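Data block below; observations after.
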Amino acid sequence: QAAHLENGDGEPLRTDFGPPNLPTSIANKEIALGHPLPAEFRDFYLMADGGSLFGVQLQPLDAQMYLRAYGVLMFHNWGNGDFDGIALTTEGGFNIGQILFCESGGNRVELISDSFENWLRDVYEEIKHRHTLYHPMDYQIQAKRNGRLAQILRSIFTRPSTIRGK
């Protein structure tokens with residue numbers, strides 16, 4: 001049975017995924033990146049080439065930008081220059097496969113989930129309980145809300161960046 005979620009106005013939120021990627025498309029992306037995709041991320045993109053997960057847009061594989069300096073492949077754009085990405089290397093001090101929130105301009109990169117699978121689960125749970133996925137700055141404005149990204153705000157505003165020793 002498919003999950004039924006609604007936004008704050010009671011309108012249904014749906015999933016709408018792109019067609020699967022061919023294994024050769026994934027292999028070509030990995031060659032272009034110079035790194036293999038983490039297994040669960042790769043498996044997802046073999047089933048669906050991005051799409052909408054209850055209103056959260058996951059970028060198609062060919063539209064994902066790679067920040068080589070940090071080893072992060074961005075797959076979810078917040079629409080304001082911030083994004084969520086997956087670590088493909090340990091360049092930024094994170095483990096391969098961890099999901100990171102990256103502020104516009106790369107000034108802050110913070111761990112938000114240990115895996116793509118956990119990120120998907122957390123997104124689903126937040127939308128299920130809060131009817132939306134809150135951006136980290138939403139937590140700064142209304143600190144009483146606690147969702148999957150609340151940990152980011154604590155780290156962003158209470159300690160220096162973990163990237164490049166800043």
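Quick note: residue numbers are just sequence positions, from 1. Not measured: the values here are computed from a predicted model. The analysis underlying the following values was restricted to heavy atoms, covering all of them including side chains, and did not include hydrogens, waters or symmetry mates.
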For this session: For the pair Arg121 and Glu117, find out whether any cationic side-chain nitrogen is under 4.0 Å from an anionic carboxylate oxygen.
Result: yes
Seminar exercise, completed: ring pair (Phe, Tyr, Trp, His ring centres under 6.0 Å) filter on Phe44, not counting sequence neighbours, yields Phe17, Phe116
For this session: Identify the two heavy atoms, one from Ser113 and one from Asn118, that lie closest to each other, and give their separation to 0.1 Å.
Result: OG-CB, 3.3 Å
For this session: Go through the structure and list residues passing side-chain contact (heavy atoms from CB on, under 4.5 Å) with Asn95, not counting sequence neighbours.
Result: Gln98
Exercise. Should Ser115 and Glu40 count as side-chain neighbours, where that means a heavy-atom distance under 4.5 Å?
Worked result: yes
Problem set entry | Residue pair Gly97 / Pro38: nearest heavy atoms and the distance that separates them | CA-CG, 3.8 Å
Problem set entry | From Leu37 atom CG to Leu61 atom CG, the distance as rounded to the nearest 0.5 Å | 6.5 Å
For this session: State the CD-CG distance between Glu103 and Asn80, to the nearest 0.5 angstrom.
Result: 9.0 Å
Problem set entry | Selection residues 17-29 - residue pairs positive for side-chain hydrogen bond (donor to acceptor under 3.5 Å, both in side chains), sequence neighbours left out | Asn21-Asp49
Problem set entry | Minimum side-chain heavy-atom gap Cys102-Val109 below 4.5 Å | yes
Problem set entry | Nearest-0.5 Å distance that lies between atom CG in Leu100 and atom CD1 in Ile86 | 8.5 Å
Exercise. CG of Leu58 to CG of Leu53: how many Å apart, nearest 0.5 Å?
Worked result: 6.0 Å
For this session: Supply the atom-to-atom distance Ile96 CD1 to Glu91 CD, rounded to the nearest 0.5 angstrom.
Result: 10.0 Å
Exercise. Going hydrophobic residue to hydrophobic residue with side-chain gaps under 4.5 angstrom, can you get from Met65 over to Phe83?
Worked result: yes
Seminar exercise, completed: In terms of heavy-atom contacts, Phe94 and Ala87 come closest through CB-CB, 4.4 Å
Exercise. So do the side chains of Leu133 and His76 get within less than 4.5 Å of each other, counting heavy atoms only?
Worked result: yes
For this session: Kindly compute the distance separating CG (Asp114) from CH2 (Trp119), expressed to the nearest 0.5 Å.
Result: 15.0 Å
Problem set entry | All side chain to side chain donor-acceptor pair (under 3.5 Å) counterparts of Thr90, not counting sequence neighbours | none
Seminar exercise, completed: By salt bridge (Lys or Arg N to Asp or Glu O under 4.0 Å), Glu30 pairs with (sequence neighbours left out) Arg42
For this session: Kindly state each residue pair satisfying side-chain hydrogen bond (donor to acceptor under 3.5 Å, both in side chains) with at least one member in residues 53-63, sequence neighbours excluded.
Result: Ser52-Gln57
Exercise. Would a line drawn from the ring center of Tyr45 to the ring center of Phe75 be shorter than 6.0 Å?
Worked result: no
Problem set entry | Residues in side chain to side chain donor-acceptor pair (under 3.5 Å) contact with Asp43, at least two apart in sequence or another chain | none
